[in-house]
Novice: 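Would you mind keeping the following structure in view while I ask a few things?
Every value quoted in this text rests on a predicted model; they were computed, and no experiment measured them. Each ligand, and each atom within it, is numbered from 1 in the order the structure gives. The residues of the chain are indexed from 1 along the displayed sequence.
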Amino acid sequence: MSFVTRFAPSPTGPLHLGHAFSAMLAHDRAKAEGGIFLLRIDDLDRTRCRPDWEAQIFDDLGWLGLDWPKPVMRQSDRLPRYREALETLWNQRLIYHCSCTRADIRAAASAPQEGAPLHGPDGVIYPGTCRPETPPTGPMPEGAVLRLDMARACEVADTALFYMEKGEKSSIEDMPRTVGDVVLARRDMGASYHLSVVLDDADQGITHVIRGEDLAPATQIHILLQRLLGLPTPAYEHHRLIRDETGKRLAKRDDARAIATWRDSGAAPQDIRALVGL
Ligand code: GLU
């Protein structure tokens with residue numbers, strides 16, 4: 001099969017027009033290409049995910065006319081897989097244990113001599129406080145925050161240019177400065193978004209990732225992780241975001257724009273398509 005794509009919502013709130021747009025776009029493309037559309041549940045954050053939101057996702061997507069093979073992949077079932085990949089990176093001496101709190105990072109990143117803190121795809125760029133001089137050896141710590149040593153990772157990744165979108169070139173030499181040491185294992189959930197999404201896409205045989213342009217800056221991290229872990233790189237397409245009348249992108253707490261609210265007020269699936277310009 002040469003075209004496999006997916007929609008990977010987190011069940012932390014109701015689906016809104018932006019999610020519907022993303023899901024319909026991916027679904028329509030898969031149908032047009034004679035490919036497969038998969039649904040994946042990104043439920044690593046056990047404190048924020050709820051089964052009733054998940055049920056609502058299935059219900060709303062079905063109502064929109066989408067279908068997908070079942071059973072669906074759930075991230076919460078995949079912790080051993082994430083762990084295995086972390087062990088691989090640990091054994092390559094590319095990740096290290098970080099004990100900084102968010103407040104520590106903010107304080108270190110904005111120390112007066114450093115100027116204003118630099119921001120990357122994950123917010124404030126980690127100032128490297130816990131990064132060891134020589135990469136750690138011994139067993140990988142359990143339940144710890146683990147960060148990628150970006151400079152070392154870029155050295156071993158053995159690739160020059162690896163990301164180009166809309167004429168914007170992202171080159172590996174810049175990543176230590178523009179992205180920094182991203183988190184790959186979170187204390188509370190075992191894996192971070194970057195690690196889990198890369199492994200899930202690879203294990204599901206995803207050939208095309210179609211997602212919002214808010215995630216475009218993360219794509220260079222995903223491609224780097226694919227290189228480090230020996231995984232294939234899918235094609236990436238980042239679509240426009242659906243915004244409210246003030247130009248703000250929609251958030252989960254925007255109940256007024258939830259698909260469920262449109263359904264309750266008598267809208268038909270075609271109305272949702274028209275609202276997002278499909
Ligand atoms: N669960 C992620 C989100 O909703 C998926 C991101 C992705 O498609 O890579 O933002």
Side-chain angles (χ1 to χ4, degrees), residues 3-30 35-51 53-54 56-58 60-61 64 66 68 72-79 81-82 85 121-123 163 165 179 182-184 186 188-226 229 231-243 248-254 257-259 276:
F3 192 102
V4 185
T5 191
R6 50 47 166 202
F7 175 58
S10 299
T12 56
L15 288 190
H16 58 55
L17 289 177
H19 299 110
F21 177 58
S22 204
M24 291 188 293
L25 209 57
H27 185 264
D28 291 358
R29 273 292 295 289
I36 298 180
F37 168 81
L38 299 175
L39 177 63
R40 186 168 75 222
I41 298 295
D42 280 8
D43 62 349
L44 265 190
D45 187 347
R46 304 307 290 157
T47 58
R48 292 173 60 229
C49 294
R50 285 190 359 215
W53 291 131
E54 187 180 307
Q56 180 83 50
I57 289 173
F58 293 142
D60 284 343
L61 294 178
L64 284 167
L66 276 46
W68 55 89
V72 301
M73 179 183 272
R74 263 192 197 77
Q75 291 192 325
S76 54
D77 292 336
R78 290 176 43 78
L79 296 180
R81 172 69 172 119
Y82 305 147
D122 288 350
Y163 180 46
E165 189 169 290
V179 176
V182 289
V183 171
L184 295 189
R186 289 184 49 166
D188 44 352
M189 0 172 161
S192 74
Y193 159 65
H194 299 307
L195 183 75
S196 57
V197 76
V198 155
L199 293 165
D200 296 347
D201 285 340
D203 293 350
Q204 291 199 296
I206 301 298
T207 59
H208 290 71
V209 172
I210 299 171
R211 60 185 178 187
E213 63 191 11
D214 52 328
L215 290 167
T219 301
Q220 53 188 325
I221 303 169
H222 300 170
I223 298 175
L224 175 62
L225 289 175
Q226 286 150 3
L229 292 165
L231 304 171
T233 290
Y236 285 94
E237 292 170 31
H238 298 101
H239 60 70
R240 67 184 161 88
L241 300 180
I242 304 295
R243 299 181 184 275
K248 249 183 33 258
R249 55 181 277 231
L250 303 181
K252 289 242 164 88
R253 54 189 177 280
D254 267 331
R257 290 171 186 87
I259 301 304
V276 297

Novice: Which atoms of ligand 1 sit under 4.0 Å from any heavy atom of Ser10?
Specialist: 1 (N)
Novice: Is the closest heavy-atom distance from Arg6 to ligand 1 below 4.0 Å?
Specialist: yes
Novice: Answer with side chain, backbone, both or neither: which part of Tyr193 has a heavy atom less than 4.0 angstrom from an atom of ligand 1?
Specialist: side chain
Novice: Flag the pair His16 / Phe21 as yes when their ring centroid distance falls below 6.0 Å, and as no otherwise.
Specialist: no
Novice: Among Ile210, Asp42, Thr219, which one has a heavy atom closest to atom 1 (N) of ligand 1?
Specialist: Asp42
Novice: So, Asp60 and Gln56: side-chain donor and acceptor under 3.5 Å apart, yes or no?
Specialist: yes
Novice: Arg46 versus Ser76: any side-chain heavy-atom pair under 4.5 Å?
Specialist: yes
Novice: Between Pro9 and ligand 1, is there a nitrogen or oxygen pair with a distance under 3.5 Å?
Specialist: no
Novice: Does Arg29 pair with Glu237 as a salt bridge, N-O distance under 4.0 Å?
Specialist: yes
Novice: Looking only at heavy atoms, which two atoms of Val209 and Arg6 are closest? And how far apart?
Specialist: CG1-NH2, 3.7 Å
Novice: Applying a 4.0 Å heavy-atom criterion (strictly less than), which segment of Val209 is in contact with ligand 1: side chain, backbone, both, or neither?
Specialist: neither
Novice: To the nearest 0.5 Å, how far apart are NE2 in His238 and OG1 in Thr219?
Specialist: 3.0 Å
Novice: For ligand 1, which atoms sit closer than 4.0 Å to a heavy atom of Val197?
Specialist: 9 (O)
